[in-house]
Amino acid sequence: MFGCGSVAQTVLSRNTLGEPLTIHIGFSVGLMMAAYVAGGVSGGHVNPAVSLAMVILGKLKIWKFPFYVIAQFLGGFAGAAAVFGLYHDAFMDFTSGILSVTGINATGHIFASYPARHLSALGGFIDQVVGTGMLVLCILAIIDGGNIGAPKGVEPLAIGLIIMAIGVSMGLNCGYPLNPARDLGPRLFTAVAGWGMEVFR
């Protein structure tokens, strides 16, 4: 909610109450708080890509993986719905009631990432592999007991800073949608909330 909310505030205010840095802060702090909220229950798993890496490394039982992924996608969908509800009046004012992905009053990108015009399909694939790889590598470094790591209880802060670093250095191509649940959950919400199937083009 904090991430998409920071994008909504920036877009709907026409950049008077936000900018790229405030969006990076919103996503970073949002992830950090999600890890604190879910840390005691799931170990702070909010990203299917990270959960899959943990299954592969034997740090998460495979039978738990589908439940984690379902919860992660539902969380993304619910967060998008909350942002849309919170800013419904602003959406209607900004768009004159016409919800779209493209054009001067486009708002679909508030909820999901869309590739920049310069980005090829191969470039997008490489972008996501590199970004997600850096995320997983850094998370593993933080939680590795044999490494310097982070002090107990500070791990979510360190992981939030990873998102900040990725956002400010790898966000140009498509806005760093490193989390399939963070992108697809809200994208599904927009498809049913009025943007239609245009969100999948």
Side-chain angles (χ1 to χ4, degrees), residues 1-15 18-32 34 45-53 69 72-73 75-81 83-84 87 91 94-95 99-139 159-201:
M1 181 168 173
F2 294 123
C4 289
S6 65
V7 181
Q9 181 168 292
T10 299
V11 171
L12 299 175
S13 73
R14 298 192 188 276
N15 297 318
E19 60 171 316
L21 185 58
T22 62
I23 293 169
H24 300 321
I25 293 168
F27 275 107
S28 300
V29 173
L31 173 71
M32 178 181 71
H45 286 250
V46 295
N47 184 332
V50 174
S51 296
L52 178 61
V69 170
Q72 292 159 352
F73 278 98
F77 188 96
V83 169
F84 186 63
Y87 287 121
F91 272 101
F94 184 86
T95 66
L99 303 173
S100 64
V101 175
T102 59
I104 190 135
N105 291 330
T107 51
H109 65 289
I110 289 172
F111 299 100
S113 297
Y114 294 90
R117 279 181 271 177
H118 69 266
L119 191 64
S120 67
L122 177 61
F125 177 77
I126 291 169
D127 179 83
Q128 291 310 291
V129 168
V130 171
T132 304
M134 290 306 301
L135 174 64
V136 171
L137 175 69
C138 292
I139 288 172
I159 293 169
L161 290 173
I162 297 167
I163 295 299
M164 175 69 82
I166 291 171
V168 299
S169 64
M170 299 182 207
L172 174 65
N173 286 333
C174 47
Y176 61 102
L178 310 168
N179 182 342
R182 205 280 320 145
D183 188 81
L184 185 58
R187 191 180 300 265
L188 289 170
F189 170 78
T190 56
V192 299
W195 283 262
M197 298 309 288
E198 185 184 6
V199 301
F200 293 107
R201 293 191 188 133

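Atom set for the values below is all heavy atoms of this structure, side chains included, hydrogens, waters and symmetry mates excluded.
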**Asked** Should Val199 and Tyr114 count as side-chain neighbours, where that means a heavy-atom distance under 4.5 Å?
**Response** yes
**Message:** Within the structure provided, determine whether Trp195 and Arg187 are in side-chain contact (heavy-atom separation under 4.5 Å).
**Reply:** no
**Item:** Considering all heavy atoms, the nearest Leu188-Phe77 contact
**Value:** C-CE1, 3.8 Å
**Prompt:** Are the side chains of Ile110 and Leu12 in touch, meaning some heavy atoms are under 4.5 Å apart?
**Reply:** yes
**Item:** Under the ring pair (Phe, Tyr, Trp, His ring centres under 6.0 Å) test, residues paired with Tyr87 that sit two or more places apart
**Value:** none
**Message:** If you compare all heavy atoms of Ala49 against all heavy atoms of Leu178, which two are closest, and at what distance to 0.1 Å?
**Reply:** CB-O, 4.3 Å
**Request:** Provide the closest heavy-atom pair for Phe94 versus Val11 in the form atom of the first, atom of the second, distance.
**Result:** CE1-O, 3.3 Å
**Prompt:** Does the side chain of Asn47 reach to within under 4.5 Å of the side chain of Leu135, using non-hydrogen atoms?
**Reply:** yes
**Message:** For the CG atom of Asn105 and the OG1 atom of Thr95, what is their distance to the nearest 0.5 Å?
**Reply:** 7.0 Å
**Asked** What distance separates Ile23 CD1 from Phe2 CZ, expressed to the nearest 0.5 Å?
**Response** 15.5 Å
**Asked** Who passes side chain to side chain donor-acceptor pair (under 3.5 Å) against Asn15, sequence neighbours left out?
**Response** none
**Request:** Could you tell me whether the side chain of Glu198 reaches within less than 4.5 Å of the side chain of Thr102, counting heavy atoms only?
**Result:** yes
**Asked** Which residues satisfy the side chain to side chain donor-acceptor pair (under 3.5 Å) test with Ser51, sequence neighbours excluded?
**Response** His45, Gln72
**Residue pair Phe200 / Leu184, side-chain heavy-atom distance below 4.5 Å** = yes
**Message:** Any non-hydrogen side-chain atom of Ile126 less than 4.5 Å from a side-chain atom of Leu122?
**Reply:** yes
**Message:** Test your reading of the model: is there a side-chain donor-acceptor pair from Ser113 to the backbone of Cys174, 3.5 Å cut-off?
**Reply:** yes
**Request:** Among residues two or more places apart or on two chains, list those pairs meeting side-chain hydrogen bond (donor to acceptor under 3.5 Å, both in side chains) that have a residue in residues 118-139.
**Result:** His118-Asn173, Asp127-Asn173
**Asked** Closest heavy-atom contact between Phe91 and Val83?
**Response** CE1-O, 4.3 Å
**Message:** Main chain of Phe73, side chain of Arg182: is a donor-acceptor contact present, judged purely on distance under 3.5 Å?
**Reply:** no
**Request:** Evaluate side-chain contact (heavy atoms from CB on, under 4.5 Å) for Ile25 paired with Met164, printing each intermediate quantity in order.
**Result:** CA-CA 7 Å; Ile25 293 168; Met164 175 69 82; 3.4 Å; yes
**Message:** Phe27: which residues meet the ring pair (Phe, Tyr, Trp, His ring centres under 6.0 Å) condition with it, sequence neighbours left out?
**Reply:** none
**Request:** State, with a plain yes or no, whether a side-chain heavy atom of Phe84 is found less than 4.5 Å away from one of Leu99.
**Result:** yes
**Message:** Quick check for you: to the nearest 0.5 Å, what is the distance between Leu21 atom CG and Thr10 atom OG1?
**Reply:** 10.0 Å
**Request:** Please round to the nearest 0.5 Å and tell me the distance separating atom OG of Ser100 and atom NE2 of His109.
**Result:** 9.5 Å
**Complete:** Scanning both residues in full, the closest heavy-atom pair of Asn179 with Pro48 reads OD1-CD, 3.2 Å
**Item:** Sequence-distant partners of Arg201, side chain to side chain donor-acceptor pair (under 3.5 Å), two or more places apart
**Value:** none
**Request:** To the nearest 0.5 angstrom, please state how far the CD1 atom of Ile162 sits from the OG atom of Ser28.
**Result:** 10.0 Å
